[in-house]
There are 4 protein chains.
Amino acid sequence: MAREPARRPGRPRSQHARQAILAAAMELATAEGPASLHMEAIAKRAGVSKETLYRWWRSKTEVILDAMAEYGQQAVPLPDTGTLLGDLGEFLHATADSVNPPTASVLRHLAAAAAADEGQALQIRDRFLARRRAALGELLDRAVARGEIEAGHAVLARDLIYGSLWYRLIFRTGPVDHAWARDVAAAIAARSRPGA
Amino acid sequence: MAREPARRPGRPRSQHARQAILAAAMELATAEGPASLHMEAIAKRAGVSKETLYRWWRSKTEVILDAMAEYGQQAVPLPDTGTLLGDLGEFLHATADSVNPPTASVLRHLAAAAAADEGQALQIRDRFLARRRAALGELLDRAVARGEIEAGHAVLARDLIYGSLWYRLIFRTGPVDHAWARDVAAAIAARSRPGA
Amino acid sequence: MAREPARRPGRPRSQHARQAILAAAMELATAEGPASLHMEAIAKRAGVSKETLYRWWRSKTEVILDAMAEYGQQAVPLPDTGTLLGDLGEFLHATADSVNPPTASVLRHLAAAAAADEGQALQIRDRFLARRRAALGELLDRAVARGEIEAGHAVLARDLIYGSLWYRLIFRTGPVDHAWARDVAAAIAARSRPGA
Amino acid sequence: MAREPARRPGRPRSQHARQAILAAAMELATAEGPASLHMEAIAKRAGVSKETLYRWWRSKTEVILDAMAEYGQQAVPLPDTGTLLGDLGEFLHATADSVNPPTASVLRHLAAAAAADEGQALQIRDRFLARRRAALGELLDRAVARGEIEAGHAVLARDLIYGSLWYRLIFRTGPVDHAWARDVAAAIAARSRPGA
DNA sequence: CGGTAAGCGAGACGGTACGTCTTGTCTTATT
DNA sequence: AATAAGACAAGACGTACCGTCTCGCTTACCG
């Protein structure tokens with residue numbers, strides 16, 4: 001028996017406005033200066049009133065998070081090659097691919113918001129990072145199950161891997177490319193006991 | 001014959017103002033909200049005019065960098081235990097100690113600035129991160145020299161180690177404490193060939 | 001032959017909503033700040049949707065005018081003492097009584113609306129002021145008929161009398177009380193030729 | 001010994017900005033709709049930041065009052081014809097002349113502000129009306145001194161005279177023209193005892 | 001007694017002014 | 001020349017009210 005969504009009274013929320021806002025946010029986040037991403041600019045570009053914007057999102061971080069959930073759906077696939085090195089290699093390869101310049105721009109916005117405000121940090125951690133950490137966790141858990149690495153190492157590995165990614169993104173200490181993916185995979189998987 | 005530094009004409013720069021500004025910046029960076037750190041607030045708390053502030057520093061990031069150079073001189077010592085695991089363990093132990101709450105607050109300011117603006121990212125990387133990366137590099141180079149790890153791994157290790165530190169700081173995915181220091185040291189040194 | 005009002009199809013207008021709106025408008029007009037009287041506030045207090053409000057009244061001035069017609073029916077009686085001084089004295093005495101603080105608040109709302117917008121000024125003049133001007137005109141016309149004053153003076157007298165009332169109301173140059181009523185009556189009637 | 005105005009430290013207030021603001025306010029008050037006179041519009045037209053506007057004036061009423069003090073200096077002269085009728089006639093004649101359409105527009109702004117807010121009413125009364133009331137009071141006092149009218153009547157007369165002016169302005173019950181001036185002068189002076 | 005049509009509540013929407021805030025520059029007199 | 005004091009232009013902030021709109025529900029009548 002289908003449970004209809006219990007239509008609330010009043011004018012329904014405009015999906016058109018919602019889409020326009022998320023699209024505008026992505027465009028602005030991607031665009032030139034990071035200072036060009038204001039609530040006011042989002043509203044203007046989306047052809048929407050500030051009232052509507054603030055009604056549904058309290059901060060630009062929330063808008064970006066929703067926009068990433070909507071548009072950044074480049075689901076990194078979960079490889080299953082049978083070895084941690086193989087799995088990690090493929091996973092990070094795809095991850096590096098997904099960090100193209102526009103996306104990198106958006107990610108830096110998120111990092112800036114997280115660094116500046118604990119509340120937003122938690123939002124970003126739980127609504128954005130969590131999914132990716134979970135995917136990576138899956139690979140590592142399999143390796144643990146196979147006896148390739150220890151459980152404790154698996155937990156830390158996520159911070160090491162994603163940490164190096166964000167570190168390079170934020171401080172420009174190096175590119176997040178295929179070389180990065182290969183080397184990180186090797187470094188993490190090196191602990192494995194191939195013969196075990 | 002000593003050549004005095006060619007005393008420039010006019011009123012000399014006030015060292016008192018400089019000190020007051022750096023101190024005010026540290027206090028504000030440490031204090032409550034991250035929003036309380038403005039150029040205006042720094043000037044007010046230092047009892048200095050904004051003019052003076054802008055004359056010598058172009059952004060609050062520069063002020064913070066100078067302030068860290070002045071006050072954050074808790075030089076992490078370079079241990080020499082003979083093994084990478086030992087060296088890393090001590091080094092990261094001391095590093096974790098230096099990331100106390102007030103310092104963490106300042107570091108997050110820097111991360112926010114770096115994420116928001118490429119120019120400031122480069123400044124921070126070259127004026128602040130570089131020194132710490134160099135210290136860590138020293139340890140790793142010694143390990144390379146001893147044949148404990150390969151040179152390529154040593155380069156990446158810095159991003160893995162500091163990446164995990166900043167990642168936890170920014171996104172609050174976990175504490176930067178002694179457990180972190182021990183685990184990271186173990187993870188990085190694990191690749192070493194003890195018997196080699 | 002009574003012509004019934006040709007009952008229109010559809011749901012008839014809610015008299016309950018109408019009453020609630022007018023009552024809410026009076027309460028708000030009377031209440032604390034003059035800024036508390038918005039269409040939105042009226043709708044909220046009346047438990048009515050803005051749609052309903054705007055369907056029947058185009059502006060808050062129209063609402064107030066209707067509310068005054070409904071509630072402000074403290075009809076100032078038309079005295080007939082035989083002399084202009086006597087008539088005016090009684091009339092203005094009653095008028096002053098009717099200008100109690102809550103009413104004064106409503107009147108100031110009307111004045112503000114009239115001053116700010118010509119269209120509303122005309123509405124207020126024709127729907128609100130006209131009745132009172134007519135009542136006063138009646139007294140004066142009688143005096144003209146008795147030869148106490150000239151016709152030209154009678155016309156101007158209405159502006160002088162009501163002008164002084166509104167002037168005091170708006171600019172707080174003095175109270176609208178019994179002393180005002182007595183003095184104005186005396187000043188206007190002074191021109192009369194008692195013996196004529 | 002001249003006491004110099006004790007130059008305050010810091011950048012002196014920009015007289016250019018002040019003039020531009022007052023001029024912009026007059027132009028906007030005069031212009032089309034009364035809704036076009038906002039703080040934001042004044043700032044924009046004056047080429048001034050809102051900050052500057054709010055630094056020196058808390059409300060648009062204060063701006064208008066200053067603008068009228070600056071530009072509306074059409075000093076109505078104090079005639080001295082020897083009789084109240086003569087004096088009043090000339091004074092009100094000049095007064096009616098000064099109430100040209102642009103000025104009328106500004107006056108209605110003041111009336112709307114006064115009616116809507118007691119604080120502003122008092123400001124307007126004391127900073128704007130007072131001067132004109134004083135001028136009129138002078139004429140009437142002379143008439144009292146000559147025995148033409150009684151002192152009590154003189155006080156009320158100001159409310160009657162200016163009241164009828166504002167009443168006509170606000171509610172559009174009639175023009176403020178030479179006929180008005182003549183009739184009001186006659187009505188007020190009629191009480192006088194010419195032979196006394 | 002079921003269809004038709006307007007009224008109504010709820011509340012989202014685009015628009016726009018509000019008054020505040022921070023930025024980075026400037027203009028003074030003083031040191 | 002550097003300073004303090006502080007005014008200035010610029011423009012984003014988040015809030016509030018405006019008047020309009022789009023729903024689903026209600027309340028009458030009329031056939």
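Note that this is a predicted model, so its numbers are computed, not measured. Here is how names work: the chains are called A, B, and so on, in the same order as the sequence lines, proteins then strands, and each is numbered from 1.
Side-chain contact between Val48(D) and Ile42(D) is absent, with no heavy-atom pair separated by less than 4.5 Å. By the 4.5 Å heavy-atom criterion applied to side chains, Met39(A) and Lys50(A) are not counted as neighbours. Under the 4.5 Å side-chain criterion, counting only non-hydrogen atoms from C-beta, Trp56(D) is not in contact with Arg18(D).
Mapped onto DNA chain F by nearest heavy atom, Tyr54(C) and Tyr54(A) fall at different nucleotides, with Tyr54(A) at the one closer to the 5' end.
The side chain of Arg13(B) contributes no N or O atom lying less than 4.0 Å from OP1 or OP2 of dT3(F). The phosphate of dG14(E) (OP1 or OP2) has a side-chain N or O of Thr52(A) nearer than 4.0 angstrom. For dT27(E), neither phosphate oxygen OP1 nor OP2 lies less than 4.0 angstrom from any side-chain nitrogen or oxygen of Ser14(D).
In this entry the distance linking CG of Leu53(A) with P of dA12(E) reads 15 Å, nearest Å. Taking atom NZ of residue Lys60(D) and atom C1' of nucleotide dG19(E), one finds them 13 Å apart after rounding to whole Å. One atom, CZ of Arg8(D), and another, P of dT27(E), lie 19 Å apart when rounded to the nearest Å. Going from atom CZ of Arg55(A) over to atom P of dA16(F) covers 12 Å, rounded to whole Å. In this entry the distance linking CH2 of Trp57(C) with C1' of dC18(F) reads 18 Å, nearest Å. Between the NE2 atom of His16(C) and the P atom of dA28(F) there is a distance of 14 Å, given to the nearest Å. Spacing between atom CZ of Arg11(A) and atom P of dT22(F) amounts to 6 Å, rounded to whole angstrom units.
In terms of heavy-atom proximity, Ala43(A) sits nearest to Ser49(A) at CB-C, 4.3 Å.
Trp56(C) comes within 4.0 angstrom of the backbone, heavy atoms only, and of no base.
Remark: Lys60(A) pairs with no residue by the salt bridge (Lys or Arg N to Asp or Glu O under 4.0 Å) rule, at least two apart or across chains. A search for salt bridge (Lys or Arg N to Asp or Glu O under 4.0 Å) contacts involving Asp66(B) returns Arg127(B), not counting sequence neighbours. For Arg13(C), there are no salt bridge (Lys or Arg N to Asp or Glu O under 4.0 Å) partners two or more places apart in sequence or in a different chain. Legend: residues meeting side-chain contact (heavy atoms from CB on, under 4.5 Å) with Ala113(B), ordered by chain and number and at least two apart, are Thr61(B), Gln120(B), Ile124(B).
Between the two ends of the helix from dC1(E)-dG31(F) to dT31(E)-dA1(F), each summarised by a five-pair axis, the helix axis turns through 10° (rounded to 10 degrees).
Looking at residues 36-51 of chain B, you'll see His38(B), Met39(B), Glu40(B), Lys50(B), Glu51(B) sit with a heavy atom under 4.0 Å from some atom of DNA chain E.
Note that NZ of Lys44(B) is 11.5 Å distant from CG of Leu28(B), once rounded to the nearest 0.5 Å.
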